[in-house]
2 protein chains.
Amino acid sequence: MSVVSAGGFLASGVAAGIKDNGALDLAVVTADRPVPTAAVFATSQALAAPVRLSAHNVGVQSGTRAVVLNSGCANAATGEIGAGAALATAEAVALRLGCEINEVLVCSTGTIGSRLPVEKILATLPQALASTSSEPEAGKQAAEAIMTTDTVAKQATAVGTGYTVGGMVKGAGMVRPDMATMLCVITTDARVSTAVLDHALRRAVSVSFNALTLDGCASTNDTVILMASGVSGAEPDFDEFVDRLSTVCLDLANQMAHDAEGASRVVTMEIKGTTTDQQARALGRDICDSDLVRASFFGGDPNWGRLLGAAGASSVPIDPGMFSVSYAGTLVAADGVSVESDQVALLARMEQGDFDIAVTVGGGTGTATIVTTDLTPAYVEFNGERS
Amino acid sequence: MSVVSAGGFLASGVAAGIKDNGALDLAVVTADRPVPTAAVFATSQALAAPVRLSAHNVGVQSGTRAVVLNSGCANAATGEIGAGAALATAEAVALRLGCEINEVLVCSTGTIGSRLPVEKILATLPQALASTSSEPEAGKQAAEAIMTTDTVAKQATAVGTGYTVGGMVKGAGMVRPDMATMLCVITTDARVSTAVLDHALRRAVSVSFNALTLDGCASTNDTVILMASGVSGAEPDFDEFVDRLSTVCLDLANQMAHDAEGASRVVTMEIKGTTTDQQARALGRDICDSDLVRASFFGGDPNWGRLLGAAGASSVPIDPGMFSVSYAGTLVAADGVSVESDQVALLARMEQGDFDIAVTVGGGTGTATIVTTDLTPAYVEFNGERS
């Protein structure tokens, strides 16, 4: 159930004092040698120093030996000093493990714009590396050490034919006094090449993390890393591997949605009728990024006019005359106009919490499923607090 | 100070019973003959029936004789029945005034997806047309009749060399149980051709209504209409005319911001350093559409990292190494990193309410000013109520 479920990996989580409250805030995940690794990163123009370093390292290395992750500070918008801090962290790990600097990846999450207390990380790294283990408890501590506004550690696993995929994620809505969004490390003991890992990871991320829209705010630090130790000896069927990897990613994404800052409901929206799946995904995100739509989710209001308004404003083509919407299985609009429905039963159903919405926007075969949460007064209160 | 400040126009506002509470909900603005008219509309794929009709009419007519506006129902997502209702309204006005149907423009605002009670409009139109007047009180009643969640009627005027520009607007944040956004009618007694009106209106709207971002949600019904009676005989200098028209539009836009749903502050953001002004405007809107940014405004938090995060995610190019931010005149970030500032004084200043932010994103000469409001728990409560 963790980042050490798959064979060939060790992990630990320790307290380096980056967080004020003494909580775990420094995690490492190591392999016994450099192993094939794929990664996807945020696409911001203002990428944090650790993201720039890790993206560079993944590009030039032949494998990853270790990932070091800290919470409490995103090391974003920190200029040359921040770049130096990320590099010093990688260098310290490489020195201890006897590997190349570019075989170490670095991830940070927390406040944007404040300086990373790299001296605390360097002082605590020996302890973090010395305490790594393949015990579930070690995986759990690593998952705890990357939490920011998360209220629970998030881990998942899936078993394939002769191999295991497991991972951890942090991310609880988005950012609070500037916590940068999501960090995820997934490991497998399948024997998979870097090229295949990369392909599989992009497929899995597109249907999981990239189908999750919580507040529409992009991050400077988002990172998903996938490492394959190969120690099981199993060479997986590609489709099965993508399926197991997607299972882990979806599980982690759903845990993020249920732990979203201030959210009271998780809403799963199925979009149908665009020309391509990609359009369906883009349209679903546009609809679920609308404050008015997400406020109506908060109110449990089957307010399909807001979905139409948001869809109409999207750059994805829709046919308003084919716009149809069901809330929790109850059809409320068909072919662009309201239809009679049992409002009392529907509202009672929506009072219960999470619900599904199905939206048809045209006659195409494109389809996508988007997971989102409601926009709540608690979210605004939470993110309105001064850092 | 109203839509009848300029010579050659009459207006009225009456209660047709579209709103449940007996408030004014039907307005007309008439000229004594078809006069040159320009208009801009929402760009949604799901335009409301009255928008589609008015856009068509403006395109084919040689002038506008009357605008009829109702609140209480947006007549959006109402299919063929809605199109018929808008047409019947225009037809009834044309019949009474003895003009062509396409010389009448129709605007609706209110709930999306519910049927327009056109029979109430048709029954009340004779009274509305019979009671038109050029008295200020008539202009005020027209401005009141188009209010939805607005708490005050919004009117403005400006005087040019020998002519007057005046207008009214409704719009209070955006949409509440699906109130469609903004309707605006501006009149002038200057002598201006349709082509020049059109050019001037687009210029004025781009620096006023289009520089206003309240919740980033686009509407199905947005309409801005500009009519020129020519009765003053003055043929204005183009630049002066654009200036006066912009003054009216900016005044109305600021009134909208101050009356925004649930907002506690109006924030004015100046963007500098893009290549073009258009990029600066697009970037400013992207930054101000971020929930996290607008939640930090609510908290009075000079949280420049969120501005950087939102700017980084924009498609407008920025140079993160040149990113500089001042809140209320106090520099908090320069060249991409935090700078020391008197936080106590700054926070005290921000407690006072409205504030300005200046953001530099690069070395270009592009610049824009965006007006927005904070995202508040009250906004979410307000828009989470069931319709």
Side-chain angles (χ1 to χ4, degrees), chain A residues 43-47 76-79 81 111-114 174-175 177-178 180 215-220 290-292 295-296 298-301 303-306 308-314 317-318 320-321 323 333 335-338 347 374-387, chain B residues 43-47 76-79 81 111-114 174-175 177-178 180 215-220 290-292 295-296 298-301 303-306 308-314 317-318 320-321 323 333 335-338 347 374-387:
Chain A
T43 56
S44 173
Q45 300 179 77
L47 290 175
T78 46
I81 292 175
T111 311
I112 295 178
S114 66
M174 287 293 134
V175 179
D178 296 340
D215 60 14
C217 294
S219 150
T220 52
S290 158
D291 286 349
L292 285 170
S296 74
F298 166 65
D301 183 8
N303 198 327
W304 72 274
R306 291 197 185 164
L308 178 64
S314 170
I318 65 163
F323 200 80
D335 296 335
V337 297
S338 285
L347 294 182
D374 55 350
L375 177 63
T376 65
Y379 171 91
V380 182
E381 295 282 4
F382 195 61
N383 286 296
E385 283 172 29
R386 284 175 177 161
S387 30
Chain B
T43 56
S44 173
Q45 301 178 75
L47 290 175
T78 46
I81 292 174
T111 311
I112 296 178
S114 67
M174 287 293 134
V175 179
D178 296 340
D215 60 12
C217 294
S219 151
T220 52
S290 159
D291 286 349
L292 286 169
S296 73
F298 166 64
D301 184 9
N303 199 326
W304 72 273
R306 291 196 186 164
L308 178 64
S314 170
I318 65 163
F323 201 80
D335 296 334
V337 297
S338 284
L347 294 182
D374 55 350
L375 177 62
T376 65
Y379 170 91
V380 182
E381 295 282 2
F382 195 61
N383 286 296
E385 283 172 29
R386 284 175 177 159
S387 31

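Quick caveat: nothing in here was measured; it's all calculated off a predicted structure. To find a chain, count down the sequence lines: A is the first, B the second, and so on, and within it residues start at 1.
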(Q) Shorter than 4.5 Å, heavy atoms on both sides: which option in A/Ala46, A/Gly321, A/Ser338 has the most such pairs with chain B? (A)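 Most heavy-atom pairs under 4.5 Å with chain B: A/Ala46.
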
Q) Do you know which of A/Ile318, A/Leu308, A/Leu375, A/Asp335 has the most heavy-atom pairs with chain B at a distance under 4.5 angstrom? A) A/Ile318

Q | Part of B/Ala76 within contact of chain A (heavy atom distance under 4.5 Å) | A |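 Contact with chain A is absent: no heavy atom of B/Ala76 under 4.5 Å.
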
**Q.** Region of B/Leu47 in contact with chain A, defined by heavy-atom distances below 4.5 Å
**A.**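 Contact with chain A involves no heavy atom of B/Leu47 at all.
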
Q.
Can you give me the closest heavy-atom contact between B/Ser44 and A/Ala313, atom names plus distance?
A.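 It is OG-N, 4.1 Å.
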
Q: Could you tell me which non-hydrogen atom of B/Ala77 sits nearest to which non-hydrogen atom of A/Trp304, and how far apart they are?
A: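 Looks like CB-CH2, 3.3 Å.
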
Q. Measuring from B/Arg306:CZ to A/Thr220:OG1, what's the distance to the nearest 0.5 Å?
A.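 So the gap between those two atoms works out to 12.0 Å.
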
Q | By side-chain hydrogen bond (donor to acceptor under 3.5 Å, both in side chains) - contacts of A/Thr376 (at least two apart) | A |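 For A/Thr376, no residue satisfies side-chain hydrogen bond (donor to acceptor under 3.5 Å, both in side chains) once neighbours in sequence are set aside.
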
Q | Among the listed options B/Pro377, B/Ala378, B/Gly113, B/Gly384, the residue most often paired with chain A at heavy-atom distances under 4.5 Å | A | B/Pro377

Q: Return the option, out of B/Gly300, B/Ser296, B/Ser114, with the maximum number of heavy-atom pairs under 4.5 Å with chain A.
A: B/Gly300

Q: Sort A/Ile81 into side chain, backbone, both or neither according to what part of it lies under 4.5 angstrom from a heavy atom of chain B.
A: neither

Q) A/Ala333 versus chain B, heavy atoms under 4.5 Å apart: side chain, backbone, both or neither? A) neither

Q) Are any non-hydrogen side-chain atoms of B/Tyr379 and A/Val380 less than 4.5 angstrom apart? A) no

Q.
For a 4.5 angstrom cut-off between non-hydrogen side-chain atoms, does B/Asp291 reach A/Asn383?
A. no

